[in-house]
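Hydrogens, waters and symmetry mates are skipped; everything else that's a heavy atom, side chains included, is used. Quick note on labels: first sequence line is chain A, next is B, and so on, each numbered from 1.
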Amino acid sequence: MVDLRRVLFLGAAVALCSAALVGCGREDAAPDVGNGAAATANTGAATAAKTEPTASQPSAQLAAPSGRGAKLVAPKPPVVLVREVEFLTQGVVDRLTALSVKLQIRDFGGAADWFAADFEGHDPFSAPFAARYAMPQGAERRLGQVARAAVVDRDGLIASLRARIGPWRRVEHVLLKVHGAEFLEGTPPSWGRVDVSLELIGETEDGQGRPGGRESVVGRMWLGVVHSQGGWLIRGLELTALEQRHRAGAMFTDVTRSAGVHHEGLRFGRPGHDSDAWQGVGSADVDGDGWLDVFVPSSERNFLYLNNGDGTFREDAVARGLDQPGGGTGPLFFDADGDGWVDLALGFSAVELPDRSIDGSPLRFYRNLGEGRFADSTETLGVEVVSAISSLVAFDSQGDGWLDLFATSYGRMEIERNNSWLEASNGAPNHLLVSDQGKSFVDRTREAGLYDTRWSYAAAAADFDADGRQDLYVGNNFGSNRLYHNRGEGRFVDVAEELGVEERGNTMGVLFGDVNTDGRLDLYVVGPESAAGKRVLGRVGQPERVGAVRELRQMADGNALFLGAEKGFEPAPDDFGARDAGWAFGSVLADLDLDSHADVFCVNGFVTGDLPEDT
Amino acid sequence: MVATSLNLEVEETHSHEEIEEGFMHPWAKEMYRRGTTFNGKERDKLFLGRGDGRFDDLSDLSGADSGLDGRGLLAADFDDDGDLDLFAHHLQRGRHGLLRNDMGDQKSFLKLSLVDPGPNREGVGATVRVAAAGRVTAQVVARGAGFVSSGPAELVFGLGSAEAGQVEVTWPDGSLESFGELPRGSRARLTRGTGRPELVPGRPTQLKDPLPQGLDLELGAKVPPLVVVDGAGEPVQWDVAALAAERGALVHFWASYCEPCVRELPELVDLAARADGPPVLVVSVDARRDWARAEALVQRAGSGAPKTHFVSLVEEHNLGGLDELVDLLRLPIPTTLRVDREGRLAEVLRGLPESP
């Protein structure tokens, strides 16, 4: 009997930190830092073996009766305890992640070790393709006829992989991702079947040594896995979907180095770079030459990249008085005093300790004296903001024409952890600083009805209901979001639940835009998508979209879209197409391809370490 | 406890044991210490909108799908070519990322900046609507949105195939002002109260082309000494500059799994055997299990075949050497680097040079 309370708690934990279930408890070897891809792969193989749940298994397991073939039956009776299934799944996930690395470096001989000697299953690349379908931007997709895939042995599969990606100019990315798993009940574990997606991305060759464009092969399949001494082995493969996509060239080009903005920083976790402040980036024309410049706070120091107007930048933070202190976050350019020059506000994380001393730096404000010469004018703020600031937003909260500052605040994990996964209330308070004609600011958070100690990461302001007053949406972690409707005279009322946009989860980013070209503002809310979280919740056995499961599901679900309607907002259908963006943080909603439709770009990824396993 | 609509009680707080186990917070520091990856190596996402609330995921074909751990992000037209480029801030490794937008045709856009004579000079909070081809699109002038970032106040509207767009501004106080029709490719300032757009001349340029793929050293820079290993795993140091002093040198990267590489092996052997040609350094990026196969392929390709060397797996071997020259994970295979007689990186070739 599954302990549902435990499961729900675990689901929440998994959505946030799936390593919590099994990963963090195990004793991993210290990272064996090698040089080059092969070293990484070797490390992966070694670690995958070490992290096996059972030390040794008789090799007779290889002769297990199932998990082989191109039609994989479900194990009966299966392991039902969710925690146990996830534990076994994690072992397979680790193995497949290491296999991904093998394939990325095209070590086909090495990849064979991941398959049982008596492997039999579909060759995914033998499935013939049906007609081509046009995609935006000249891309095309072709769907594989999976029913016509050939059945091959291990050598056949490896040869097919070699033929498929061996000729590519470059393998950009290989990912085998586990979406679900079932294992046969019994100790020790013997076999199971795993629902896996395969993603191969690379650059092709045109046959004459010239680039042939970007190509991706995306498949979905059941893998039959058997447990053996060296770890889980793949013994069967049943292809369920296959798609191939191609475009003649990339849509974006990485020009970081050539444009002069490259910076190789400290690795996260090293001394000097261990803060939870995520820093961010701001852009404005700070020196009035008509070109957009960029400010990037960083752990060690800050960078001000001035645009040379010729496709390159020069870094000038020291001369402009903006290089220190490092560790700031949420850089915000806005013209606070209406003099036509953008000023800069920069958040920091600061707390008041029991002895009343301040640990960390309060909010800072730099006035642009003209042409991008900045002076630290923090004292003219007139208020010391001691909070764990994450993001900053400028908006006219009072309707008096002056831009006010809203600071979202998170919390300081190392001092006090979130007191709930579902509605944490012990974060640092958000702040509304109301402009006194650009000369100084007054803290009116409580009077405005904006005082809140949820763990806030982001906010966006807009007049969503076109009543002539600026409203504010605030995105929170470990809880629900708020939509503050501006009622005039500097007072706000939270209408998030009334309008159905509270989106409980772990919101990272918030954007207003118009995605359905109806002239109304829509709301795009960015949050992490967790494959592990979805796996666990998928096993709970409750309808997925009701009650507590719905709330937990939102946590693992990724991004949400609310379409502006006559009265408030309507949630977009589940399959609106821009939901799964991984562990997404920064995002933009903009017409990137100039086709008159708003697009989305999201950067993502929590922490990439040296070991290849992942959740 | 939280009572949910399923009438279940959900435990709200973690126990001390769970915290003591170290899996809660601060997560990342502890995970980093262990070298653990947690939702890492994720590819950044590009979803192209269809204009009806739905999107197509083209991340895999975008060229913008970095696997770095992204945090801040903004879109801005840094080269004034009318399309939006992207600036990202990453948690570690290459911390700043600039992506040039290569999709635009440099024509089908309107680039608009608001000017309010009052204190809110940039019109922050205004909603701008552009009507074209029977549809209306809205954008907000925002300072601070997304996550820990603030993009510029100017707005870029795509027009698709429409020749012009009708522009209307709802200022932050709700007052509506029409600015009439603007033809595609216009850059304009919209000053409150004038009702007339002021056209701004464009100065389109292009963010500078990147180094050849997989290369970490600027063209023209001195090539550092490289340490590779021979088939027995013994380190061999090459002073590339010294080797190149007379006739220049070629450094050829290949792999035995790469069919085009194998096809051109006879040509490679010919090239290396020429007395009047540049010295050829042959480096295989094969995994160790394939070293013998790689060596045999080279030896079989002709008489006087050069020795095959392999990428060293020992970090100390190449501190400042190979790592400074190429990024092995991004290097197309095969790639040949031409080093001039001054020991500088002169050219990056796909495969072998046509005439040495």
Side-chain angles (χ1 to χ4, degrees), chain A residues 20 24 31 35 39 106-107 136 169-170 214 216 247 250 252-253 255 258 265 268-269 278 280-282 311 330 332 334 338 393-394 401 413 420 460 462 468 509 514 516-517 519 547-548 577-578 581-583 586 588 590-591 594-597 600 602-611 614, chain B residues 4-6 11-12 23 25-26 28 32 35-37 39-40 42 45 47-49 51 53 55 60-61 63-64 69-73 75-76 89 92 95-96 98-100 103 108 118-119 121 125 135-136 138 140 143-150 158 160 174 207-208 210 257 287 313 315 332:
Chain A
C24 297
N35 180 29
R106 293 185 273 195
D107 177 5
R169 273 171 77 83
R170 196 164 67 99
R214 302 265 302 188
S216 81
R247 187 175 186 272
F252 288 88
T253 305
V255 295
S258 50
F268 184 59
W278 299 126
V281 52
L332 173 70
F334 72 116
V393 170
M413 286 291 178
S420 163
D514 176 10
N516 55 354
T517 57
W583 205 276
V588 294
D591 187 358
L594 300 178
D595 68 348
S596 81
H597 309 144
V600 168
C602 285
V603 293
N604 55 18
F606 193 67
V607 178
T608 303
D610 293 320
L611 300 178
D614 201 350
Chain B
T4 69
S5 46
L6 273 183
E11 203 168 345
E12 265 217 280
F23 64 66
H25 306 305
Y32 179 78
T36 307
T37 293
N39 282 81
E42 292 188 336
K45 290 293 217 173
F47 302 107
L48 292 182
F55 294 83
D60 47 346
L61 306 177
D69 304 327
R71 291 295 181 267
L73 178 73
H89 178 248
Q92 53 185 349
R95 299 205 63 190
H96 307 160
L98 178 57
L99 293 160
R100 183 180 71 199
M103 281 187 285
S108 56
R121 294 292 292 261
R135 301 295 294 178
V136 184
V140 178
R143 279 297 193 183
F147 175 67
V148 297
S149 298
S150 67
L207 286 169
K208 196 179 167 195
Y257 55 70
L313 301 184
E315 189 169 16

Between A/A581, A/A462, A/A460, who has the most heavy-atom pairs with chain B when the cutoff is under 4.5 Å? A/A581
Would you find a donor on one side and an acceptor on the other, under 3.5 Å apart, between the side chain of A/D591 and the backbone of A/S596? yes
Counting heavy-atom pairs under 4.5 Å with chain B, which one of A/G265, A/S258, A/P136, A/G338 comes out on top? A/S258
Flag the one option from B/G51, B/G174, B/P210, B/A138 with the top tally of heavy-atom pairs under 4.5 Å to chain A. B/G51
For the candidates B/G63, B/A145, B/A75, which exhibits the highest count of non-hydrogen atom pairs separated by less than 4.5 Å from chain A? B/G63
Counting heavy-atom pairs under 4.5 angstrom with chain B, the leader among A/D514, A/D595, A/V600, A/N604 is A/N604
Taking the side chain as every heavy atom from C-beta outward, state whether B/L98 and B/L207 have any pair of such atoms under 4.5 Å apart. yes
Can you see whether A/F252 has A/R214 sitting over its ring - NZ or CZ less than 6.0 Å from the centre and within 45° of the normal? no
Considering all heavy atoms, the nearest A/G577-B/F47 contact: O-CD2, 3.2 Å
Against chain B, work out which of A/A590, A/G519, A/G330 has the most heavy-atom pairs shorter than 4.5 Å and name it. A/G519
Top contributor to chain A contacts, counting heavy-atom pairs under 4.5 Å, from B/P332, B/A76, B/G118: B/P332
All heavy atoms of B/R135 vs all of A/N516, minimum pair found to be NH2-O, 2.9 Å
Looking at B/G72, B/S150, B/G144, which one has more heavy-atom pairs under 4.5 Å with chain A than the rest? B/S150
What pair of heavy atoms forms the shortest contact from A/V603 to B/R71, and how long is it? CG2-O, 3.6 Å
